[in-house]
Student: 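Have a look at this one before I ask anything.
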There are 2 protein chains.
Amino acid sequence: MKSMQPKPVVRQSIENRAADSLREFILSGRVRPGTRLTEIALADQIGVARATLRTGLHRLAGEGIVVQIPYTGWQVTELTETDVWELWTLRAGLESLAARLAAQSGDAPSRAAVARAYEALLAACAKERLKQVNACDFALHRSIVEAAGHARLAGQYRLVEQQVRLFIATSNTCVAEGMDDIVAQHRAVAEAVLSGDAEAAARQAWHHNESEGMRLVAWLRRKAGH
Amino acid sequence: MKSMQPKPVVRQSIENRAADSLREFILSGRVRPGTRLTEIALADQIGVARATLRTGLHRLAGEGIVVQIPYTGWQVTELTETDVWELWTLRAGLESLAARLAAQSGDAPSRAAVARAYEALLAACAKERLKQVNACDFALHRSIVEAAGHARLAGQYRLVEQQVRLFIATSNTCVAEGMDDIVAQHRAVAEAVLSGDAEAAARQAWHHNESEGMRLVAWLRRKAGH
DNA sequence: CGCCGGAATATTGTTGACAATCGCCAATGG
DNA sequence: CCATTGGCGATTGTCAACAATATTCCGGCG
């Protein structure tokens, strides 16, 4: 009877809590790319010592979310057209590998998770709720990567995903071109993974991310040409 | 006239120097996997304050070289059979992508660097100096990744490479099965990259790393079976 | 002798104070 | 007027001290 017991205390250092709080804040898009963040202000805002906050910031710098400017401050990462190309090609490469591994050796529970994530995406598209579609889109990608059963791959993918989130939250773009397009692109990947077709899964995962990345790069170019 | 000017002063924070010193120490193989490292001892050894050293350790933890045990100490990462599989599959995936990009769009200087690195590997194999062969092997791989012109890919590859180095430095194994094998495996990759054949480059880079990884996993299994 | 509980020890986690650096602005000199 | 220099303020970088935690050790009891 779990409900008869008090909930276990979650142990997490203040340093890690600070990093998590900062990450959430920055990935929310509420602070613009290039914004200077100072340790004194942030430490005051989240209620920890400055040195504790530094640990968090160093961690986010390692994740590519902030950039350290020595003796000056920290900046929220700005993502250029080249950065977008890099993120989407890297995401394509990592996901392609994950889809291949998931198709080859994903176990029944992880396959079920992929199937559920795909169904959730379909349902969100049917309701045409863009925010929910976006969340389900990420969740499907993630479920495929988790289905690969490869911790390092999942860890590296998470770093890329965070930067993809940062870009989407701060760039005022809509990644997809329509609900039908979203469904079609993800169907090919999901079906290949679920049917165990490793080659097709790898190819479709690559293609989906690559084409999305090229679309975004083109969007950035048009935007820059105003 | 560069020689008419004093050499620029290299600015690097003590925190970063500490991280570099620690990384070099650990990757040298002079400390065994699983060894507990304490902040007090390390800080004393490298001559910085403990809090400064902590920053360095946190950085290495983010790179997967050490593991943080809260309130207890830090440990040099131990790499299991699963870890080896992960490292080599991930390295294969990243290098496959890099080789594809290098073959597609590597510029002339970076291609020349790949060619030089390959020639250096051939020369080292001809002399049968294993330590030099190993260094040239890493250098060739790196040159291909740099030729991709993709900073994030190169950054993520570096993290994998460090852990590969850690494994090799601490595992008492010889990765290759002979000079002829080394040459043959690397020739296929180098030639595909240099000839601009993206598909072949990707395929050969994957195959080389995958087969090497499988060999190591098999070696670990034999070793564990004693 | 083995187990358990409490205390001690050795460390890490957090904090605040001092040292170092950078950027900006004003003053000075050519 | 423009370029250079110096000073100051705002921050970051580093350090040492205190707080918190986990492990080890020791003593007592069954």
Side-chain angles (χ1 to χ4, degrees), chain A residues 6-26 31-78, chain B residues 4-26 31-78:
Chain A
K7 215 162 160 185
V9 175
V10 175
R11 297 176 192 282
Q12 188 176 21
S13 68
I14 307 298
E15 288 171 333
N16 283 333
R17 287 180 189 273
D20 290 348
S21 175
L22 283 175
R23 187 187 298 106
E24 186 186 333
F25 171 60
I26 292 169
V31 54
R32 292 171 53 187
T35 299
R36 178 172 172 248
L37 303 174
T38 66
E39 297 174 5
I40 295 179
L42 290 175
D44 190 51
Q45 282 155 25
I46 69 175
V48 298
R50 188 169 65 78
T52 305
L53 178 89
R54 268 180 79 74
T55 302
L57 280 168
H58 274 289
R59 182 161 172 176
L60 295 197
E63 293 174 12
I65 296 176
V66 296
V67 177
Q68 183 182 21
I69 318 291
Y71 285 108
T72 305
W74 305 70
Q75 279 188 355
V76 177
T77 297
E78 292 180 284
Chain B
M4 299 299 288
Q5 299 178 348
K7 211 162 163 183
V9 174
V10 176
R11 296 175 193 285
Q12 189 177 21
S13 69
I14 307 298
E15 288 170 332
N16 284 332
R17 287 180 188 274
D20 291 348
S21 175
L22 283 177
R23 187 188 297 108
E24 185 187 332
F25 171 60
I26 292 167
V31 55
R32 291 171 54 185
T35 299
R36 179 172 170 248
L37 303 173
T38 65
E39 297 173 6
I40 295 178
L42 290 175
D44 191 50
Q45 283 156 21
I46 69 176
V48 298
R50 188 170 65 78
T52 306
L53 177 88
R54 267 180 79 75
T55 303
L57 280 168
H58 274 289
R59 184 158 171 181
L60 296 197
E63 293 173 11
I65 297 176
V66 297
V67 177
Q68 183 182 21
I69 319 289
Y71 286 106
T72 303
W74 305 71
Q75 280 190 352
V76 177
T77 297
E78 293 179 284

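The sequence lines fix the lettering, A, B, ..., with proteins before strands; numbering per chain opens at 1. Model, not experiment: these values are computed from the prediction.
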Student: Using the side-chain heavy atoms of Glu15(A), tell me which of these nucleotides is nearest: dT14(D), dT14(C), dT15(C).
Tutor: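 Side chain of Glu15(A) sits closest to dT14(C).
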Student: Which nucleotide wins on minimum distance to the side chain of Glu39(A), given the candidates dG16(C), dG13(D), dG13(C)?
Tutor: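 Shortest atom-to-atom distance from the side chain points to dG13(D).
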Student: Starting at atom CD of Gln75(B), determine the distance to atom P of dT12(C), rounded to an integer number of angstrom.
Tutor: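 For the pair Gln75(B) CD and dT12(C) P, the rounded distance is 12 Å.
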Student: Judged by each residue's nearest nucleotide on DNA chain D, which is more toward the 5′ side, Ala51(B) or Thr72(A)?
Tutor: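 First, find each residue's nearest nucleotide; the 5'-ward one identifies Thr72(A).
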Student: Check the distance between dA10(D)'s C1' and Asp44(A)'s CG and give it to me in whole angstrom.
Tutor: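 Distance, rounded to whole Å: 15 Å.
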Student: Whole angstroms only, please: what is the CH2-P distance between Trp74(A) and dT12(D)?
Tutor: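 Computing the Trp74(A):CH2 to dT12(D):P distance gives 9 Å.
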Student: Measure from the side chain of Thr38(B), starting at C-beta and using heavy atoms only, and say which of dG13(C), dT14(D), dT11(C) lies closest.
Tutor: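 Closest nucleotide to the Thr38(B) side chain: dT11(C).
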Student: Starting at the 5' end of DNA chain C and moving along, which residue's nearest nucleotide shows up first, Ala49(A) or Ile69(A)?
Tutor: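 Its nearest nucleotide being more 5', the pick is Ala49(A).
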Student: Are Val67(B) and Glu78(B) close enough that some pair of their side-chain heavy atoms sits under 4.5 Å apart?
Tutor: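 No, every pair of side-chain atoms sits at 4.5 Å or beyond.
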Student: For a quick check of understanding: with a heavy-atom distance under 4.0 Å over all strands, which category does Leu57(B) fall into, base, sugar-phosphate or nothing?
Tutor: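 The residue Leu57(B) makes no contact with any strand.
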Student: Counting any heavy atom closer than 4.0 Å, what does Ile40(B) reach on the DNA or RNA strands: base, sugar-phosphate only, or nothing?
Tutor: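 Base contact.
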Student: Which part of the nucleic acid, if any, lies within contact of Arg36(A), taking any heavy atom under 4.0 Å across all strands shown: a base, the sugar-phosphate backbone alone, or nothing?
Tutor: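 The residue Arg36(A) makes sugar-phosphate contact but no base contact.
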Student: With distance as the sole test, does Arg36(B) use its side chain to make a donor-acceptor pair with the main-chain N or O of Thr72(B) at under 3.5 Å?
Tutor: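 Yes, because the side chain of Arg36(B) sits within donor-acceptor range (under 3.5 Å) of the backbone of Thr72(B).
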Student: Is there side-chain contact between Thr35(B) and Gln75(B), with at least one heavy-atom pair below 4.5 Å?
Tutor: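 With C-beta onward as the side chain, the pair stays apart.
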Student: Take Ser13(A) and Tyr71(A), find for each the nucleotide of DNA chain C with the closest heavy atom, and name the residue whose nucleotide sits nearer the 5' end.
Tutor: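 On the 5' side of the pair lies Ser13(A).
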Student: For Arg54(B) and dA20(D), what is the distance between atoms CZ and C1' respectively, to the nearest whole Å?
Tutor: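 In whole Å, dA20(D) C1' lies 12 Å from Arg54(B) CZ.
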Student: Using modelled atom types only, decide if a donor and an acceptor are shared between the side chain of Ser21(A) and the backbone of Ala18(A) within a distance under 3.5 Å.
Tutor: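 The answer is no, because no donor-acceptor pair under 3.5 Å joins these two groups.
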Student: CG of Leu53(B) versus P of dT12(C): gap in Å, rounded?
Tutor: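 Computing the Leu53(B):CG to dT12(C):P distance gives 9 Å.
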Student: How long is the line joining CZ of Arg50(B) and P of dG13(D), in whole Å?
Tutor: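 One finds 19 Å between P of dG13(D) and CZ of Arg50(B), rounded.
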Student: Can you tell me how far C1' of dA10(D) sits from CG of Leu37(A), to the nearest Å?
Tutor: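 Spelled out: CG on Leu37(A) to C1' on dA10(D) is 16 Å.
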Student: To the side chain of Arg11(B), which of dA16(D), dC22(C), dG13(C) is closest?
Tutor: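 The closest nucleotide is dC22(C).
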Student: If only atom types and distance count, is the side chain of Thr77(A) paired as donor or acceptor with the main-chain N or O of Gly64(A) below 3.5 Å?
Tutor: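 It does hold such a pair.
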Student: Whole Å only: how far is the CG atom of Asn16(A) from the C1' atom of dG13(C)?
Tutor: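 Computing the Asn16(A):CG to dG13(C):C1' distance gives 11 Å.
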